[in-house]
Protein chains: 2
Amino acid sequence: MNTGFETYLRNNSHLTDDEIAQIAGASTTRSLSRNESLLQEGQVCRHKTYVISGLLRIYGLVADGSEHILQFAPEAHWTLDAESYDQQTPSRFNIAAIERSEVIVWSKPVFDRLLADIPALRALSQQLIARSNHGSRQRLFTALSATPEEKYEEFVRTHADLQNRLPLHMIAAYLGISLKTLTRIRHAQIRR
Amino acid sequence: MNTGFETYLRNNSHLTDDEIAQIAGASTTRSLSRNESLLQEGQVCRHKTYVISGLLRIYGLVADGSEHILQFAPEAHWTLDAESYDQQTPSRFNIAAIERSEVIVWSKPVFDRLLADIPALRALSQQLIARSNHGSRQRLFTALSATPEEKYEEFVRTHADLQNRLPLHMIAAYLGISLKTLTRIRHAQIRR
DNA sequence: GGCAAACGTGGTCATTTGACCATAATTCCC
DNA sequence: GGGAATTATGGTCAAATGACCACGTTTGCC
């Protein structure tokens, strides 16, 4: 079986075919229907996850019930609440499917074992953490410094592929602006 | 010589005294006067840095010349533009001293050598990256979801020690709000 | 295929926020 | 110690934003 995951590893790591087979062999597949939850606030994230197809979101809720999205995870993304997973502590965030999705997962003991056995997997993990770090930081800077319009423009620039798979209210929740403001921005841009 | 750095390593890692001596021995000390720059946008971050004393800030500039602060780095913090350092690419951010500060630095080749030789230092590095990750993410969530007042309250809660070492306009630049708004919030709180 | 839910847009209004300006107090540095 | 720069606060005003509401359309799903 080739889930696309093997292809991903072949193209994005120095793993040998044997190692790839070993990693894939230790994984379990899980299907998520639209809106199905993968992790809820307060639960401990017990699995490392890779998205084969579909689209997930990682988000937090605030007092008034509205949600704010930290990250989208489309196919070929590793998604996890890193803090909850690493430390096995209750998560502050939620993960749920936006579209029908397929993910593969490893329980933490299993994945730890793989990490211990396979140096190239450690290297890949570190690379992913570093990338995530840079992503968060860049996003933080944008959140601090950009106007709503600039935020939207950056989103379109960096997530062109996701733009038509997401309802506008989720884009707004991702940008930290209201749906109304987003609508206004788009309206203004059409006029131009 | 004991700079406090050795003590830090003794308390926060599994490094042996020999290893600690090796790491400290490979470092260079640098003093920064108030407002002195350590790294400017566009430069490549060529050194790993540890703050012995004082206080630095990592910030970015926007078109109108205003600055937005990503992070404060007081004594006992490792500070660096991780992306620029890791990939040796031009930095998008600036680092400068807020107070007169002392830092110790290692050039990247030297520190890479230490990392290769000392497993416990790799472990520490990974821990620091993970922590930084979680910090950025938490901060991003706050930036997206909190009101200015909530942001300030969280800042006071999490940075009580820095509060009276920082001018208000820098706190505002950190929170992503205007100085005016910050003044208003503080005024309202006094009245309560 | 059809019904219910989700979605996108629009209008209005109150509130918040930031821009600009001035001023007093404080702090820094030579 | 003293002069200059930085800092904190305040006032006013315009603009941006969000809250609330309604309505028509689209979409998902049984």
Side-chain angles (χ1 to χ4, degrees), chain A residues 31-37 54-55 57 59 62-69 96-101 142-153 155-156 162-192, chain B residues 31-37 54-55 57 59 62-69 96-101 142-153 155-156 162-192:
Chain A
S31 292
L32 296 165
S33 57
R34 205 174 111 88
N35 289 325
E36 188 174 346
S37 169
L55 177 57
R57 72 188 191 280
Y59 64 100
V62 287
D64 67 359
S66 67
E67 77 177 48
H68 293 268
I69 297 176
I98 296 174
E99 308 170 352
R100 182 184 310 272
S101 303
T142 302
L144 289 177
S145 65
T147 64
E149 182 160 2
E150 290 164 344
K151 291 178 193 178
Y152 179 63
E153 281 166 1
F155 173 80
V156 172
L162 294 184
Q163 216 191 334
N164 25 23
R165 293 163 71 183
L166 291 170
L168 287 186
H169 69 86
M170 285 195 189
I171 298 181
Y174 178 83
L175 299 178
I177 63 182
S178 71
L179 173 58
K180 180 78 195 200
T181 301
L182 181 54
T183 296
R184 279 197 270 242
I185 290 168
R186 304 179 85 228
H187 183 72
Q189 289 186 342
I190 291 167
R191 299 237 151 195
R192 257 186 243 144
Chain B
S31 292
L32 296 166
S33 57
R34 202 172 113 89
N35 289 327
E36 188 173 347
S37 168
L55 178 56
R57 73 188 190 280
Y59 64 99
V62 286
D64 67 357
S66 69
E67 76 178 47
H68 293 267
I69 297 176
I98 296 174
E99 308 170 351
R100 181 183 311 272
S101 304
T142 302
L144 289 178
S145 65
T147 63
E149 183 161 2
E150 290 165 345
K151 292 180 192 178
Y152 179 63
E153 281 166 1
F155 174 80
V156 171
L162 295 184
Q163 213 191 335
N164 26 24
R165 292 164 71 182
L166 291 170
L168 288 186
H169 69 86
M170 284 195 189
I171 298 180
Y174 179 83
L175 299 178
I177 64 182
S178 72
L179 173 58
K180 179 82 197 201
T181 301
L182 182 54
T183 296
R184 279 196 272 242
I185 289 168
R186 288 163 53 92
H187 184 72
Q189 290 185 341
I190 291 167
R191 298 237 151 193
R192 259 185 241 146

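Computed from heavy atoms alone, side chains included, the values below leave out hydrogens, waters and symmetry copies. Below, chain A is the first sequence line, B the second, and so on; all start at residue 1. None of the values given here were measured: they were computed from a predicted structure.
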Q: Could you state the atom-to-atom distance from CD1 of B:I185 to P of D:dG10 in whole Å?
A: 14 Å
Q: Does C:dG10 have OP1 or OP2 under 4.0 Å away from a side-chain N or O of A:R184?
A: no
Q: Please classify the nucleic acid contact of A:L179 as base, sugar-phosphate, or nothing, using heavy-atom distances under 4.0 Å.
A: base
Q: Between A:H169 and C:dG8, is there a contact of a side-chain N or O with OP1 or OP2 at under 4.0 Å?
A: no
Q: Indicate yes or no for a side-chain donor-acceptor contact from A:R165 to the backbone of A:G54 under 3.5 Å, with no hydrogens or angles considered.
A: yes
Q: What's the CD1-C1' distance between A:I171 and C:dG8, to the nearest Å?
A: 12 Å
Q: For B:M170 and A:N35, find the nucleotide of DNA chain D closest to each by heavy atoms; which residue's nucleotide sits nearer the 5' end?
A: B:M170
Q: Provide, to the nearest angstrom, the distance between the CG atom belonging to A:L182 and the C1' atom belonging to D:dA16.
A: 15 Å
Q: Which whole-number value in Å describes the distance from A:R34 CZ to D:dC30 P?
A: 11 Å
Q: Which residue, B:T147 or A:P167, contacts DNA chain C at a nucleotide closer to its 5' end, judged by nearest heavy atom?
A: A:P167
Q: Within the structure, does a side-chain N or O atom of A:R186 lie under 4.0 Å from either OP1 or OP2 of C:dT9?
A: yes
Q: Any N or O donor-acceptor pair under 3.5 Å from the base of D:dG11 to the side chain of B:K180?
A: yes
Q: Can you tell me how far C1' of D:dT26 sits from CG of A:N164, to the nearest Å?
A: 16 Å
Q: Looking only at side-chain atoms of A:H187, point me to the closest of D:dT17, C:dG10, C:dG8.
A: C:dG10
Q: Mind calculating the distance between CG (A:L175) and C1' (D:dT17) to the nearest angstrom?
A: 15 Å
Q: Which whole-number value in Å describes the distance from B:R165 CZ to C:dC28 C1'?
A: 17 Å
Q: In terms of side-chain heavy atoms, does A:Y152 have a donor or acceptor partner in A:R186 at a distance below 3.5 Å?
A: yes
Q: Looking only at heavy atoms, what is the nearest atom pair of B:L32 and B:S37, with distance?
A: CD2-O, 4.4 Å
Q: Does the side chain of A:L162 reach to within under 4.5 Å of the side chain of A:I171, using non-hydrogen atoms?
A: no
Q: When rounded to the nearest 0.5 angstrom, what is the spacing between CD in B:E149 and CD1 in B:I185?
A: 6.0 Å
Q: In whole Å, what is the span from the OH atom of A:Y152 to the P atom of C:dG8?
A: 11 Å
Q: What's the closest nucleotide to the A:L168 side chain, out of C:dG8, D:dT9, C:dG18?
A: C:dG8
